[in-house]
Amino acid sequence: MIEQAFLTIGTEQFETVVAFYQAWLQQGPDRYQAERYAEFHLPGLTLGIFRPQSSHQREFQSSTGSGFSLCLEVTNLETAIAELTALGYPPRNPIQETSHGREVYGYDPAGNRIILHQI
């Protein structure tokens, strides 16, 4: 029935968000249409970034936080934090010790939450 699942981010800040993920993931998009769509293939996940069509733009202009979180398990949390910080997007809070490991919340240029997690 389901062949593949994608996580997509709709944003008016398309080029800024694509550049952020390209620098942070240290890879170019696997598929790219200027000003419209970019797709990054990660282990176990395809991350798509798109500019909403004009008829849908209002839906993506919410000023409230989103329930969306891109959770990425990393091998070294401090290194991942340093990479986000070097891109100009340091986590807003300190590392938290949780029942499932250590984690910190970061945010991409469009304000989407990125949870960095280390077991």
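These numbers come from the heavy atoms of this one structure, side chains and all, not from hydrogens, waters or symmetry mates.
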**Q** Working to the nearest 0.5 angstrom, can you tell me the gap between T79 OG1 and Q118 CD?
**A**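 With rounding to 0.5 Å, OG1 (T79) is 8.5 Å from CD (Q118).
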
**Q** With sequence neighbours left out, what residues match L84 under side-chain contact (heavy atoms from CB on, under 4.5 Å)?
**A**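 Per chain and number, L84 pairs via side-chain contact (heavy atoms from CB on, under 4.5 Å) with F20, W24, L116.
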
**Q** I95 versus I81: any side-chain heavy-atom pair under 4.5 Å?
**A**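 When only atoms from C-beta onward are counted, I81 and I95 do touch, with a gap below 4.5 Å.
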
**Q** Tell me the closest heavy-atom pair linking T11 and A110, and the distance in Å.
**A**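 Shortest heavy-atom separation between T11 and A110 comes out as OG1-CB, 3.7 Å.
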
**Q** Looking at OG1 of T46 and CG of D30, how far apart are the two atoms once the value is rounded to the nearest 0.5 Å?
**A**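 Rounded to the nearest 0.5 Å, the OG1-CG separation comes to 8.0 Å.
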
**Q** Taking salt bridge (charged side-chain N to carboxylate O under 4.0 Å, His left out) as the definition, give me every residue that meets it alongside E73, ordered by chain and number, with sequence neighbours left out.
**A**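 Checked E73 against salt bridge (charged side-chain N to carboxylate O under 4.0 Å, His left out); zero matches.
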
**Q** Sort out for me which residue in Y37, F40, Y32 forms a side chain to side chain contact (heavy atoms under 4.5 Å, CB included) with I49.
**A**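 Going through Y37, F40, Y32 one by one, the side chain to side chain contact (heavy atoms under 4.5 Å, CB included) with I49 is satisfied by F40 alone.
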
**Q** Evaluate the criterion side chain to side chain contact (heavy atoms under 4.5 Å, CB included) for residue pair E103 and L77; output intermediate values, then yes/no.
**A** CA-CA 8 Å; E103 68 183 29; L77 190 55; 5.7 Å; no

**Q** Using every non-hydrogen atom in the two residues, find where E12 and P52 come nearest and quote the distance to one decimal.
**A**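 What the structure gives for the nearest pair is OE2-CD, 3.7 Å.
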
**Q** Do the side chains of E78 and R102 get nearer than 4.5 Å, heavy atoms only?
**A**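 Of all side-chain heavy-atom pairs linking E78 with R102, at least one is under 4.5 Å.
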
**Q** Atom CG of L87 and atom CD of Q22: how far apart are they, to the nearest 0.5 Å?
**A**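 The CD atom of Q22 is 11.0 Å from CG of L87, to the nearest 0.5 Å.
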
**Q** Please enumerate all residues that pass ring pair (Phe, Tyr, Trp, His ring centres under 6.0 Å) together with H117, with sequence neighbours excluded.
**A**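 Per chain and number, H117 pairs via ring pair (Phe, Tyr, Trp, His ring centres under 6.0 Å) with H100.
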
**Q** Group every Ile, Leu, Val, Met, Phe, Trp and Tyr by side-chain heavy-atom contacts under 4.5 Å, then state whether V74 and Y89 land in the same group.
**A**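 Yes, V74 and Y89 fall within the same hydrophobic cluster.
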
**Q** Between atom CD of E83 and atom CD of Q26, what is the distance when rounded to the nearest 0.5 Å?
**A**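 Going from CD on E83 over to CD on Q26, the span is 5.5 Å.
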
**Q** In terms of side-chain heavy atoms, does Y105 have a donor or acceptor partner in N93 at a distance below 3.5 Å?
**A**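 Side-chain D/A pair, Y105 to N93: absent.
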
**Q** Less than 4.5 Å apart, side chain to side chain, heavy atoms only: is that true for Y21 and D108?
**A**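 Yes - at least one pair of side-chain heavy atoms lies under 4.5 Å apart.
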
**Q** Could you walk me through whether I9 and F50 pass side chain to side chain contact (heavy atoms under 4.5 Å, CB included), step by step?
**A** CA-CA 6 Å; I9 298 171; F50 68 96; 6.0 Å; no

**Q** How would you list, by chain and number, every residue that makes a side-chain contact (heavy atoms from CB on, under 4.5 Å) with E35, sequence neighbours excluded?
**A**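 Per chain and number, E35 pairs via side-chain contact (heavy atoms from CB on, under 4.5 Å) with E15, R51.
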
**Q** Output yes when a side-chain donor or acceptor of S69 lies under 3.5 Å from a complementary backbone atom of C71, and no otherwise.
**A**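 Flag not set: sc S69 to bb C71 has no pair under 3.5 Å.
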
**Q** Which residues pass the salt bridge (charged side-chain N to carboxylate O under 4.0 Å, His left out) test with R31, sequence neighbours left out?
**A**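 If we apply the salt bridge (charged side-chain N to carboxylate O under 4.0 Å, His left out) test to R31, skipping adjacent residues, the hits are E39.
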
**Q** For L7, give me all partners under side-chain contact (heavy atoms from CB on, under 4.5 Å), at least two apart in sequence or on another chain.
**A**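 Only L45, L47, F68, L70 meet the side-chain contact (heavy atoms from CB on, under 4.5 Å) criterion with L7.
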
**Q** Is it true that F14 and L25 fall in one hydrophobic cluster, defined by side-chain heavy atoms closer than 4.5 Å?
**A**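 Yes, it is one cluster - the side chains of F14 and L25 are joined through contacts under 4.5 Å.
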
